[in-house]
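Below, chain A is the first sequence line, B the second, and so on; all start at residue 1.
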2 protein chains.
Amino acid sequence: MTDTDNNYPPERKRGSGVKMVYDILRDEILDLVLPPGSPIDEVQLAERFKLSRTPIREALVRLAGEGLIDTLPNRSTMVSNIDFLNLHTFFEALVLMYRVTTRLAAQNHRPEDLPVIRGFHEDYAAAVQSRDALAMIATNAAFHAAIAEAGRNPYFTSLFRRLLDEGRRILRLYYQSYEEQFPQRFVDEHAEIIAAIEARDVEAADRLGKAHAEQIVEQVQKLFTRNNKLDIDL
Amino acid sequence: MTDTDNNYPPERKRGSGVKMVYDILRDEILDLVLPPGSPIDEVQLAERFKLSRTPIREALVRLAGEGLIDTLPNRSTMVSNIDFLNLHTFFEALVLMYRVTTRLAAQNHRPEDLPVIRGFHEDYAAAVQSRDALAMIATNAAFHAAIAEAGRNPYFTSLFRRLLDEGRRILRLYYQSYEEQFPQRFVDEHAEIIAAIEARDVEAADRLGKAHAEQIVEQVQKLFTRNNKLDIDL
DNA sequence: TGTATTTTTCTTGTCGACAAATAAAATACA
DNA sequence: TGTATTTTATTTGTCGACAAGAAAAATACA
C-alpha cells in the first residue's frame, strides 16, 4: 500500500455508491426479484454491497420518493405493494399519458430521436422473437420512454416513466403467473406508432397511442379477472 | 441527567429529523427565501438545525427527487433554477392537469371533500382581501391540490402537486418584481369551480379548469414579456 | 393453555470522524 | 500583468459507533 492508495475498492469510485445501490435495487424491484411487500433490511444490504449503511439509506430515500418502497420512521422498510383495488386510476393515467407522449413526439421529435426509438423497437422485436419475457417487458418500457423523451415535456415524461415502471411490475406478475405470450401484434403496433411519429401525424399518433394503451389495459385486466375467478372458486 | 434521559432535545423526537428539515427547506424554496441557483451547504444547515449532516443529506435527497434542488456527486448542491426557456412545457402540462384534476373532482368527489376545498377557498379569499401575496400564492396551490385529491387519482395528483409547487415559485418571483395585484376575479372563478364540482358537472368543471389555468398562464407570460422588453431597451 | 409482562435481540436514526474531491488562495514564472 | 502551478481550505461521501424504538423470545401467572 502506497500513500496514494485510496479507500475505495478499485472498481468503485467515491460518490458512486448511492447510485449503484439505487440502480440495482430499482431493477430488482421492477423485475420482481424483490416482490411487492418484501422487507428491506439495511444491515443485510450493507453487507451485500460492502458499503456502510449511510449510502444504502440514501438510495432507499430515492426509491421511496419514486413510490417503489414504503418507509415509516423507526420501522422496517418494504417494497411497495401494487394497489390492485385501485388499478383503474393507473389505467386512467396510463391511457392519457400514452396519448399525450405519443402525440407530443409526433409534434416535437428531432433527427436524433428516431434512431434511438428504432433501436429500442428492434430490441423489443428481438425479445419477442426469442421469447424472453423480462427483456420484452423492459424494452417495451424503454421504447415508450424514448418516445416520451422525443416529446420534450419533462413533466409528462417523468409521470409516464413512473407509470411505465409500475406497468413493468404488473406485467412481470402477469408473465410469472400465466402461460407466456409473445404477441407479434405489439411489434407491428410499435412500427405503426413510429411511422406516425416520423410523419408528424399528430392525430394518428394520438389514436395509435390510445389504442395501444387500451390493449395493455385489457391484458392486465385479464390478470385481475382471472384472480377474481380463482378466489370465488375457493 | 438521569439514566432515562434521551439524547434528543425535548422538542424533537427520534425519527423526526429528516422530515423537519425537508419541510422547512421545501417551504423556503417555494417561498423563494432560498432563491433559484442559491447554494446549499450541508455544514451550515447542520449547524442551523442542530443536527448532524446525515439527516440533512437525507432531506436533500428527498428534495432532489422532487426537482427542487440539483445535486451532482462531489459537488455543491443548489436550489434548482426555473427553466424560463422551456416555460411552454410547464404551461402545457399545467393546463392539461388543471383540466384533468378539476374534471375528476367533479366525477369522484366525496362528502368529506367539499368542506376541505371550501376551507382553502376561504383562506384564499382572506389572503386576497388582506393583500398578503405569500398567503395568496400558497392557499391557491392548496385549494387546487385539494381539488386534485378529491379526483382520487394519485398519479395525476402527484404530477399536479409538482406543477403547483413550481407555479408557486414562478408566482412568487412575479409578485416580488411587480406591483402586487390581488384580483377578486380569481376568487370568483374558484367559487364557480366549486359549484361545478358540487353539481358533478364534469364538462363545466373541465371548461372552468382550463379557463382558469389559461388565466394563470397569461399572468406568468406577462412576467416573461416584460423582461424581454426591458432587455431590448438597453 | 392462553395471556400478560419482562427481557433480549434486532433494526433504525443519528452522531462525529476520516479522507477524497473540489474550490479558493497563494506562489511562481514569463 | 496574466497565466500556470502549488498549496491550503472547504465541502462532500462514507465510515463505524452509539442508542432509541420495535420486534421477537422468554418468563410468569391465572
By the 4.0 Å heavy-atom rule, please label B:Ser16 as base, sugar-phosphate, or nothing.
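Answer is sugar-phosphate: B:Ser16 comes under 4.0 Å of backbone atoms only.
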Figure out the [atom1]/[atom2] separation between [X] and [N], and round it to whole Å.
X       : N      : atom1 : atom2 : result
A:Lys50 : D:dG16 : NZ    : C1'   : 17 Å
A:Glu47 : C:dC10 : CD    : P     : 12 Å
B:Lys13 : C:dG13 : NZ    : P     : 13 Å
B:Phe49 : C:dG13 : CZ    : C1'   : 17 Å
B:Glu58 : D:dT14 : CD    : P     : 13 Å

When you compare the side chain of [Y] with that of [X], does any pair of heavy atoms fall below 4.5 Å?
X        : Y        : answer
A:Arg26  : A:Asp165 : yes
A:Val116 : A:Asp113 : no
B:Thr157 : B:Phe160 : no

side-chain N/O B:Ser52 vs C:dC15 OP1/OP2, d < 4.0 Å:
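Yes, within the criterion.
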Both distances below 3.5 Å, Watson-Crick or wobble geometry, any strand: find the nucleotide opposite [N].
N      : value
C:dG16 : D:dC15
D:dA24 : C:dT7
D:dC29 : C:dG2

Quick one: which of B:Leu72, B:Thr71, B:Asp41, B:Val61 gives a side-chain contact (heavy atoms from CB on, under 4.5 Å) with B:Thr77?
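One option only clears the test, and that one is B:Thr71.
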If you compare all heavy atoms of A:Arg168 against all heavy atoms of A:Asp31, which two are closest, and at what distance to 0.1 Å?
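The answer is NH2-OD1, 3.0 Å.
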Partners passing side-chain hydrogen bond (donor to acceptor under 3.5 Å, both in side chains) against B:Asp23 (at least two apart in sequence or in another chain):
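Testing B:Asp23 for side-chain hydrogen bond (donor to acceptor under 3.5 Å, both in side chains), a comparison that skips the adjacent residues, returns B:Lys19.
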Shorter than 3.5 Å, N or O on both sides, protein versus nucleotides 10-12 of chain D: list them out with atom names.
residue: D:dT11; atom: OP1; partner: B:Asp41; partner atom: OD2; Å: 2.9
residue: D:dT12; atom: OP2; partner: B:Glu42; partner atom: N; Å: 3.4
residue: D:dT12; atom: O3'; partner: B:Asn74; partner atom: N; Å: 3.4
residue: D:dT12; atom: O2; partner: A:Arg14; partner atom: NH2; Å: 2.1

